[in-house]
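Just so we're on the same page: letters track the sequence lines, and every chain starts at 1.
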Amino acid sequence: MPGALERARTLADHAHPSRHGAARLRRRGAGAGGVRPRAQPRAPRGRARGADDGVHEGFRAPARAGAEAPEAMNRWSQYYLFTTREVPSDAEVVSHQLMVRAGMIKKLAAGIYSYLPAGWRSLSKLMAIVRREMDAAGAVELSMPAIQPAELWVESGRWQRYGKELLRIRDRHEREFCFGPTHEEVVTDFVRRDVRSYRQLPFNLYQIQTKFRDEIRPRFGLMRGREFLMKDAYSFSATEESLDQVYSAMRDAYRRIFAACGLDYTMVEADTGTIGGSSSHEFMVTAATGESAVAHCSTCGYGANVEKAERGAWEVPSEQARQAAEKVETPGRKTIEEVAQFLGIPASRLVKALIYNTEHGLVAVLVRGDREVNEVKLLNQLPGTHHLELASAERVVAELGLTLGYVGPRGLRARNVRLLGDLSVRDARNFACGADEEGFHLVGVNWSAENSPSEFADLVLVGDGDPCPRCGAALAISRGIEVGHIFKLGAKYSEAMKCEFTDEAGVNRPMIMGCYGLGIGRTVAAAIEQGHDADGIVWPLPLAPWSVLVLALTPNDPAAMAAAEALAAELESRGVDVLLDDRDERPGVKFKDADLVGVPVRAVVGGKSFAAGQAELSLRRDRQKQLVPLAEAAAKVLELIERLRA
RNA sequence: CGGGGCGUAGCUCAGCUUGGUAGAGCGCACGGUUCGGGUCCGUGAGGCCGGAGGUUCAAAUCCUCUCGCCCCGACCA
């Protein structure tokens with residue numbers, strides 16, 4: 001799929017929890033009186049009956065609740081849900097720690113996780129929301145193979161280009177395959193064989209499926225795994241206008257999805273990167289632990305990934321008399337910081353020269369001393385160039401006879417190195433730079449025929465406070481988790497793979513494609529990053545594994561236990577998904593676990609309040625307790641859920 | 001791929017420098033105690049110390065190789 005989005009993990013085939021109508025029938029048939037195999041390692045405890053692992057929303061639709069028998073209640077004592085106090089040492093971010101502690105995921109290998117029942121329930125809820133919105137936006141679900149033949153990737157050119165992230169495998173006949181990290185090739189391959197006419201267009205196909213990217217460094221649990229669950233969609237249109245329509249439908253669907261999850265997110269412009277195409281947006285969930293940086297303008301609403309973010313005009317430095325360049329000795333000062341400090345000037349008064357190695361030779365870039373080069377922008381400025389890396393000191397000496405740290409524009413020009421300047425230095429005056437001689441810098445330098453770059457462009461990473469390209473106000477840089485990424489692909493793949501149709505005029509043309517990715521596991525992890533406190537997860541209702549936890553405080557008191565069961569059963573019959581904590585544990589343990597797992601609504605039945613004929617209700621998010629008569633408990637819980645949905 | 005680190009009980013870790021045949025806490029089992037925010041006490045089960053090879057009378061400990069994992073960096077449709 002597009003973007004580096006997403007990562008989560010999962011088994012191979014779950015993929016269709018939405019078919020729960022059928023799944024439920026199956027379950028019921030099998031369950032009828034039959035002895036269930038116990039899949040559980042736990043010794044004598046009975047396996048729960050058909051623990052539902054289907055899709056749930058806070059409530060099921062009334063029609064369905066009426067039409068079908070309630071599902072078997074989830075009893076914690078018989079469920080597969082084990083919490084832990086201690087966190088594995090490799091869990092660095094809260095979402096990872098809490099998912100492990102709450103018994104939602106279990107690591108199998110680096111970046112590869114099992115989704116345990118509670119975790120799977122949350123993922124399933126998200127998938128249900130995603131399906132609902134994708135379907136509503138006119139997309140059609142299908143499922144494509146995870147294993148893909150190399151030929152297709154050779155055809156699109158990505159077999160060479162993709163690099164080591166592509167997990168390549170061989171079958172017994174030594175034929176090459178890969179485990180799909182995305183499905184442009186596969187979908188384009190069958191579409192080109194099925195579709196001939198503009199009359200068959202447009203359409204948008206999606207799947208929710210396990211993908212694999214052999215990440216260099218998997219980390220952060222579901223946020224950057226190698227095996228992960230992703231929803232990916234691919235649209236095919238006859239015209240750009242049609243693509244625009246599908247694209248905006250997807251954009252709106254994504255907005256609805258993330259809003260429905262109760263997430264604080266922003267949509268920003270993104271670079272189309274090597275996937276190409278004309279337009280791309282990312283959906284970022286705001287989080288300090290996010291791996292992506294986003295520039296945002298609170299004045300006009302402009303937002304963009306920093307790799308893409310443009311920058312407004314820089315203030316032109318005040319008129320100053322041009323000085324004459326002067327060579328100064330700067331022994332041993334090679335870094336911007338050292339030189340600036342040594343010369344007693346701010347880093348912004350320095351012009352930094354960076355030398356890159358590309359497949360077409362060396363290229364040099366001049367940027368303001370306090371700025372970083374944005375390699376994506378640089379690459380975009382060098383058509384035909386795909387590889388970029390900072391040149392080694394040895395190579396610079398060998399090819400140019402220059403020492404890194406003392407390189408200046410004049411020396412680069414003299415050696416005929418292609419020299420690009422960032423806009424931030426175009427109007428610079430009386431700046432300092434390397435003197436092309438080890439141990440020396442120049443001060444009071446100005447542009448001249450001997451040192452001026454051949455071209456200026458926007459080449460740096462935007463910084464906090466830089467002017468907004470739209471309105472000029474200060475941009476703020478924040479971090480986010482990329483949970484969705486949509487692209488207008490155009491004809492990139494359809495041309496490479498000859499996916500063509502005949503238009504009204506009888507002319508064969510490549511289809512105009514779009515692709516739309518959404519990280520399932522990542523989105524759930526992001527929800528936890530945004531919703532947690534010192535005691536555990538605070539789920540938004542739509543993603544909570546259960547909406548209500550009925551906590552039987554004194555399970556050994558038959559009357560209290562019966563009341564707890566009755567409450568849980570009534571809620572189930574009203575379409576609410578309930579977890580009944582019927583474990584014979586101390587109250588403290590049960591309360592701590594309730595907080596950890598983070599079920600939005602808690603109903604305590606037992607103990608003193610039960611003796612007074614009451615149940616104690618509270619919301620995980622504020623923990624305000626209210627005592628209500630047992631007879632009214634179910635109705636009150638429904639009210640609380642309504643309040644949470646508002 | 002470069003740099004650093006770690007593999008010892010189910011989990012989190014100590015022991016390794018200065019070789020002498022393995023420990024704690026949590027968890028688990030049993031008994032008692034307790035019973036509205038991870039009770040307390042006792043008893044017990046549980047580990048070929050990641051794997052292979054080497055040095056040695058003797059290796060968790062020293063050496064070599066290997067596998068796996070983690071952190072930093074580079075990378076990231």
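Residue contacts for Glu282(A): at a heavy-atom cut-off of 4.0 Å it reaches no nucleic acid atom on any strand shown. As judged by a 4.0 angstrom heavy-atom cut-off over every strand, Ser609(A) is placed among the base-contacting residues. Arg602(A) comes within contact range of at least one nucleobase, with a heavy-atom separation under 4.0 Å. Among the atoms of the strands shown, only primed sugar atoms or phosphate atoms (P, OP1, OP2) are found under 4.0 Å from some heavy atom of Glu92(A).
Nucleotide rG7(B) is matched to rC67(B) when pairs are restricted to Watson-Crick or G-U wobble geometry with both distances under 3.5 angstrom. Pairing for rC48(B) is absent, judged as Watson-Crick or G-U wobble with the two contacts each under 3.5 Å. Under the Watson-Crick or G-U wobble criterion, with both distances below 3.5 Å, rG19(B) is left unpaired in every strand shown.
The same atom, P, is picked in rU56(B) and in rC70(B); the two are 38 Å apart, to the nearest Å. Comparing the C1' positions of rU34(B) and rG51(B) gives a spacing of 47 Å, expressed to the nearest Å. Across the P atoms, rG10(B) and rG47(B) are found 8 Å apart, a figure rounded to whole Å. Atom C1' of rA14(B) sits at a distance of 26 Å from the matching atom of rC72(B), rounded to the whole Å. Nucleotides rG46(B) and rA9(B), compared at atom C1', are 6 Å apart to the nearest Å. To the nearest whole angstrom, the two P atoms, one in rA59(B) and one in rG54(B), are 12 Å apart. For the P atoms, the distance from rC63(B) to rU17(B) is 10 Å, rounded to whole Å. Across rU18(B) and rU61(B), the matching P atoms stand 14 Å from one another, rounded to whole Å.
For Phe591(A), the side-chain atoms get nearest to rG37(B) when compared with the rest of rG37(B), rG27(B), rC69(B). The side chain of Arg219(A) has rC75(B) as its nearest neighbour among rC75(B), rC76(B), rC26(B).
Using a 4.0 Å cut-off between charged nitrogen and carboxylate oxygen, Glu310(A) and Lys377(A) do not count as a salt-bridge pair. Salt bridge annotation for Glu151(A)-Arg158(A): absent, with no cationic side-chain nitrogen under 4.0 angstrom from a carboxylate oxygen.
Rounded to whole Å, atom C1' of rG38(B) lies 13 Å from atom NZ of Lys590(A).
The aromatic rings of Trp546(A) and Tyr79(A) stand perpendicular to each other, their planes meeting at an angle above 60°, with 30° marking the opposite boundary.
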